[in-house]
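Here is the naming used below: chain letters follow the sequence lines, and residue numbers restart at 1 for every chain.
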Protein chains: 2
Amino acid sequence: MAMVSIKDVAAHAGVSPGTVSNVLNRPGKVAPATRERVEAAISELGFVRHGSASTLRAGHSRTIGLSVIDIGNPFFTEVAAGVEDVASELGYAVILGNSAGSQDKEERNLRVLAEQRVRGVLITPSGEDPARLDRLREHGISVVLVDHPAHRPDQCAVAVDDVAGGRAAAAHVLARGARTLAYVTGPLTIRQCVERREGAKAAMRAAGLDPGDLRVVETATMTARAGEKAAADLIAGGLPEAVFCANDLLALGVLRALLRSGVRVPEEVALIGYDDIDFAAASTVSLTSMRQPTYQLGRIATELLLDECDNPDTHAHQHIMFQPELVARESTQ
Amino acid sequence: MAMVSIKDVAAHAGVSPGTVSNVLNRPGKVAPATRERVEAAISELGFVRHGSASTLRAGHSRTIGLSVIDIGNPFFTEVAAGVEDVASELGYAVILGNSAGSQDKEERNLRVLAEQRVRGVLITPSGEDPARLDRLREHGISVVLVDHPAHRPDQCAVAVDDVAGGRAAAAHVLARGARTLAYVTGPLTIRQCVERREGAKAAMRAAGLDPGDLRVVETATMTARAGEKAAADLIAGGLPEAVFCANDLLALGVLRALLRSGVRVPEEVALIGYDDIDFAAASTVSLTSMRQPTYQLGRIATELLLDECDNPDTHAHQHIMFQPELVARESTQ
DNA sequence: TCCTCTTATAGAAACGTTTTACTTCCGGCG
DNA sequence: CGCCGGAAGTAAAACGTTTCTATAAGAGGA
């Protein structure tokens, strides 16, 4: 419990606290000889700057918040890796919030982030409620949306075109001859799920089918377990010729359950997922999927956020939209 | 940029700042009528407590640090989920640090955590250097080791018996007739990797084989990609009858590379992984693995840490050691 | 030598809480 | 009737930085 403060360092080095602070924050402003003396004192005493005091006085911290929908999903893990890399390069710490699909939990997490006076927040919102994000902005906290289009012009956002992705996915299986299509999705409060469905419907229309015939199976969470349950529903209701899943976790669950029930994939049912997580290529029947630039999503979002924080005057808000890419594998052969 | 402080709330409610603080921290101490008035003022003004000021004055924060070796590994993701759940139940925020296997990065992350004056740190150390953790303790930061035995008696730790796990894994393939065994491992600076190897050697000894014959292939990172490379080495050097991988990510990579090269698993080579991540069961050839109580590891470690922080006098340090469990699947049939 | 200008450092105020010691008010008891 | 004790609230100090203003010390020019 040493608790050595800037004052102790100052005393030990025979300078004033202000000078120590300068050594810490603007080393150029202090004469080399003094600086060395102070640095020696710092390491001798094992001084560690008190971040809270610094934040309090300076009015801003060196931390950012990251709020994701499901940290168990490799998609978000990879986003987080991108975020972490950039943040740590620029000397920022990342506070992680997992909303686990619950808007309540997300709200609580955002509250914690606001209390911590994070510099900014990266968020994949789990619902459509721009108001709560505006509240953060009112507290001087920048917000960048990740995997979600911007709510407003004066805001950065990094997204992937989900309608196009849904369309491409559905078009792919329809082009291989499927005439009946099911869509296994997470909660339809999640924008991505809705847009991928709209894309799928558009593809059906383009193929001369009635989009109303798209069989939608909605699950509470987007996990493999939920996928297994959904597959049971599909089997019970009569199998479609193709199944499009809103993400790979669901698809892997569906796949597992189908195979266990003796259904052959892709011969009886074609299956396509979304995200192209690492494990999609390695599954029993390798999984066709829509690839997204996941790590880049995290990197770029963080770069935008920190640019907004560190250079508020020159910063230009950007809305970046990536295009997903189809990766065909065995499950739709 | 409203920045409404406790003073504004006090003025608005016609009380002193001290009373507002009491409403926030010890609601019992203030008369119901006043309390309501203050609470009304708080929500009317949209007041959010300044965490840094609070930390500065109170001397401790409501955040903990979590330092893991690879957030991209589902093993750690699940640990993190357990941590997050408990922390958020008890009103703590979690700062995530990903050491990515680098001791430097881990050091930097710990420094950030120390600056943030986190209440405690949960860490799966990426090397054996108790000194740097002791430094945290000197700053009044409690440390709980996760998936690692305790360095010292006055410290909590939650671990899984890796020697036993390595022995069980190797014994399993040896019992199925394998006489030549390779061990694909991450950096041998990581304790888990070393202990699983020792376990494997013990199993060889028990089976009447020379432990010196264990063929060790060391990789820089414990990822699927590294596993693919390792498989190339194995093939080049002549295939063993069985391969034991230090984790499932490596095993999935090895599996992918073997199959691509036309090697049949398990007929030509038996393969066993470690961790039993979700995807092990879903892979091309389902993967035999050692299951660990991952989520529980995170939960319990966090409970221990927060108990140590919140009840320092009644807290009893614990060293918990779980036993891993073999899950046999196709890859060793 | 004196004055000015620059540079380096000192000193002090301020950030928003928490907490301690203190005041005020009241009801009840001797 | 006076006093005591408890409850409720106030006032002020303190936490460890950062940052602004002021001062001191040199350097250089006249």
### Task
Nearest-nucleotide wise, let me know which of A/Leu24 and B/Lys29 is further upstream toward the 5' end of DNA chain D.
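So the residue in question is B/Lys29.
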### Task
Could you say whether B/Ala33 or B/Ala58 is positioned toward the 5' end of DNA chain D, judged by the nucleotide with the nearest heavy atom to each?
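Counting from the 5' end, the first nearest nucleotide belongs to B/Ala33.
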Using a heavy-atom cut-off of under 4.0 Å over every strand shown, decide if [X] touches base, sugar-phosphate, or nothing.
X	answer
B/Thr34	sugar-phosphate
B/Val15	sugar-phosphate
A/Gly14	sugar-phosphate

### CA sep, side-chain torsions, deciding dist, call: B/Asp147, B/Gln192, side chain to side chain donor-acceptor pair (under 3.5 Å)
CA-CA 8 Å; B/Asp147 197 31; B/Gln192 288 88 329; 2.9 Å; yes
Between [X] and [N], is there a contact of a side-chain N or O with OP1 or OP2 at under 4.0 Å?
X	N	result
B/Ser21	C/dT18	yes
B/Arg49	C/dT18	yes
A/Arg26	D/dT19	yes
A/Arg35	C/dA8	no
B/Ser52	C/dG16	no
B/Ser54	C/dT18	yes
B/Ser16	D/dG9	no
A/Ser5	D/dC15	no

### Message
Could you check whether any side-chain heavy atom of B/Val9 comes within less than 4.5 Å of a side-chain heavy atom of B/Val4, counting everything from C-beta outward?
### Response
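They are in side-chain contact.
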### Query
On a plain distance test, is the side chain of B/Arg57 in donor-acceptor contact with the base of C/dT18 below 3.5 Å?
yes
### Query
Quick one: are the ring centres of A/His319 and A/His317 less than 6.0 Å apart?
no
#### Entry: Sidechain N-carboxylate O distance under 4.0 Å for B/Arg108, A/Glu89
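Salt bridge: no.
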### Message
Any carboxylate oxygen within less than 4.0 angstrom of a Lys/Arg side-chain nitrogen, looking at B/Arg37 and B/Glu44?
### Response
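No salt bridge links B/Arg37 with B/Glu44.
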In this structure, how many angstroms lie between the [atom2] atom of [N] and the [atom1] atom of [X], rounded?
X	N	atom1	atom2	value
B/Ile6	C/dT18	CD1	C1'	8 Å
B/Phe47	C/dG16	CZ	C1'	8 Å
A/Arg117	C/dG16	CZ	P	9 Å
B/His50	D/dC15	NE2	P	19 Å
A/Lys7	C/dA12	NZ	C1'	11 Å
B/Glu115	D/dG16	CD	C1'	13 Å
A/Gln116	C/dT17	CD	C1'	14 Å

### 5'-most by nearest nucleotide on DNA chain C - A/Leu56 or B/Asn22
A/Leu56
### Message
Keeping A/His50 on the side-chain end and A/Ser52 on the backbone end, is there a donor-acceptor pair under 3.5 Å?
### Response
yes
